[in-house]
Number of protein chains: 2
Amino acid sequence: MSVRNIFYRSIKSRGLRLTAQRKAVIDCLVASKKPLSAEDIYLHVQRRGLGINLATVYRTLDTLVESGLAERVGMELHRAYYTLCRGRKHLHHFFCKGCGNSYDLPHCPVKERTTEDLIPEAFTVTSHRYEVYGYCGKCSS
Amino acid sequence: MSVRNIFYRSIKSRGLRLTAQRKAVIDCLVASKKPLSAEDIYLHVQRRGLGINLATVYRTLDTLVESGLAERVGMELHRAYYTLCRGRKHLHHFFCKGCGNSYDLPHCPVKERTTEDLIPEAFTVTSHRYEVYGYCGKCSS
DNA sequence: GAGTAAATGCGAATAATTTGCAAAAGGCGG
DNA sequence: CCGCCTTTTGCAAATTATTCGCATTTACTC
């Protein structure tokens with residue numbers, strides 16, 4: 001089963017309706033290698049010839065986040081970016097404040113250490129957020 | 001020398017003017033144990049009987065951040081919070097989803113690696129965010 | 001104390017996101 | 001396949017945090 005279909009099913013299994021707009025937003029995020037803003041998604045979907053309203057994009061993204069299917073990242077750029085939560089594979093990002101692009105970081109601070117090393121006591125870690133901001137090669141110069 | 005005065009001096013040493021408004025914003029942040037939003041600061045200063053404009057609070061905070069004297073944190077919910085950088089110490093936190101407490105993390109993922117190791121190319125890093133969520137010892141059991 | 005550049009106040013402008021409401025459409029039962 | 005009922009969408013207007021332009025004020029240098 002394709003990644004798309006897994007998300008389609010997750011929508012339905014939560015009692016939500018699988019509308020054309022929701023499919024389009026999911027397809028867009030599945031196809032993207034980097035987190036996208038609501039406007040990015042809006043434009044991508046428009047370009048594919050599917051009509052969608054920006055408010056609907058926002059509402060769909062809220063729904064995905066509330067359902068635990070997507071994550072809101074990169075808030076320091078005065079704008080939210082969204083990325084799907086995919087199985088075990090998890091990534092962190094570098095956000096360029098110049099051009100707005102984002103790049104995968106090659107490491108994860110939590111994965112590379114044991115729990116004892118990570119925190120003072122034997123706490124239980126459920127999730128984490130790690131983001132680096134700055135300027136990419138082009139925008140630095 | 002008081003903490004206040006250290007910040008007052010830092011302002012001047014950067015060629016910036018030490019105005020009544022800047023003093024008020026700094027005093028407010030020095031007195032607070034937690035990060036404050038621009039509006040928090042605006043209201044606190046007003047309450048002390050000092051006139052200040054919200055735009056001035058924003059400009060002052062920008063100035064402090066650009067000068068490396070303050071940090072912008074907690075962008076989570078569409079609003080920025082500010083906290084003074086005290087000494088060289090910069091911290092990341094573990095947030096317990098059970099009791100809501102937060103604990104300092106003993107390490108920083110950015111500090112402990114070189115730029116080449118951190119990102120694909122020689123990008124410029126300006127800031128980062130690193131937060132771990134889970135349950136503390138008491139809330140785990 | 002005067003001159004000058006920097007900072008402030010004010011109001012209006014932005015930009016991202018949210019909301020109210022009527023119309024459209026998904027998905028259930030028949 | 002049809003209709004019903006509820007959810008979702010589109011649209012336009014509202015909100016919210018933050019920024020900007022510009023005239024006025026003020027800190028700091030000489």
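We use all heavy atoms of the structure for the numbers below, so side chains are in, but hydrogens, waters and symmetry mates are not. Numbered from 1 within each chain, the chains take letters A, B, ... in sequence-line order.
Straight-line distance from the CG atom of B:L54 to the C1' atom of C:dA12: 14 Å, rounded to whole Å. Between A:L77 atom CG and C:dT17 atom P there is a gap of 11 Å when expressed in whole angstrom units. Taking atom CG of residue A:D40 and atom P of nucleotide C:dA16, one finds them 11 Å apart after rounding to whole Å. Whole-Å rounding puts the A:R14 CZ to C:dG27 P distance at 16 Å. Distance, A:R79 CZ to C:dT17 P: 7 Å, rounded to whole Å. Rounded to whole Å, the distance from OH on B:Y58 to P on C:dA12 is 18 Å. In this structure, OH of B:Y42 is placed 13 Å from C1' of C:dT8, rounded to the nearest angstrom. In this structure, B:R72 atom CZ and D:dT18 atom C1' are separated by 10 Å, rounded to whole Å.
A donor and an acceptor atom, one from each side chain of A:N53 and A:Y58, are nowhere located under 3.5 Å apart.
For the atom pair CG (B:L29) and CZ (B:R4), the distance works out to 13.0 Å, reported to the nearest 0.5 Å. Going from atom CG of B:L43 over to atom CZ of B:R48 covers 12.5 Å, rounded to the nearest 0.5 Å.
No cation-pi contact links A:K34 to A:Y103, judged by a cut-off of 6.0 Å to the six-membered ring centre and 45° from its axis.
Distance from the side chain of A:A55 is smallest to C:dT19 among C:dT19, C:dT17, D:dT18. The listed nucleotides are C:dT18, C:dT17, D:dT18; the one nearest the side chain of A:D62 is C:dT18.
Centroid-to-centroid, the aromatic rings of B:Y130 and A:H92 stay 6.0 Å apart or farther. Taking the six-membered ring where the residue is Trp, the centroids of B:F123 and A:F94 are separated by under 6.0 Å.
Under a 4.0 Å N-O distance rule, the pair B:R79/B:D40 does not qualify as a salt bridge.
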Polar-atom pairs under 3.5 Å, protein N or O versus N or O of nucleotides 2-9 of chain D: list them with distances, or write none.
| unit_1 | atom_1 | unit_2 | atom_2 | d |
| --- | --- | --- | --- | --- |
| D:dT6 | O2 | A:R17 | NH1 | 2.8 |
| D:dT6 | O2 | A:R17 | NH2 | 2.9 |
| D:dT7 | O4' | A:R17 | NH1 | 3.3 |
| D:dT7 | O4' | A:R17 | NH2 | 3.3 |
| D:dT7 | O2 | A:R17 | NH1 | 3.3 |
| D:dT8 | OP1 | A:R17 | N | 3.2 |
| D:dT8 | OP1 | A:R22 | NH1 | 2.7 |
| D:dT8 | OP1 | A:R22 | NH2 | 3.3 |
| D:dT8 | O5' | A:R22 | NH2 | 3.4 |
| D:dT9 | OP1 | A:T19 | OG1 | 2.9 |
| D:dT9 | O3' | A:Q21 | NE2 | 2.9 |

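If B:K12 and B:A38 are placed on DNA chain D by their nearest nucleotide, the residue sitting closer to the 5' end is B:A38.
At the heavy-atom level, B:K23 lies nowhere under 4.0 Å from the strands shown.
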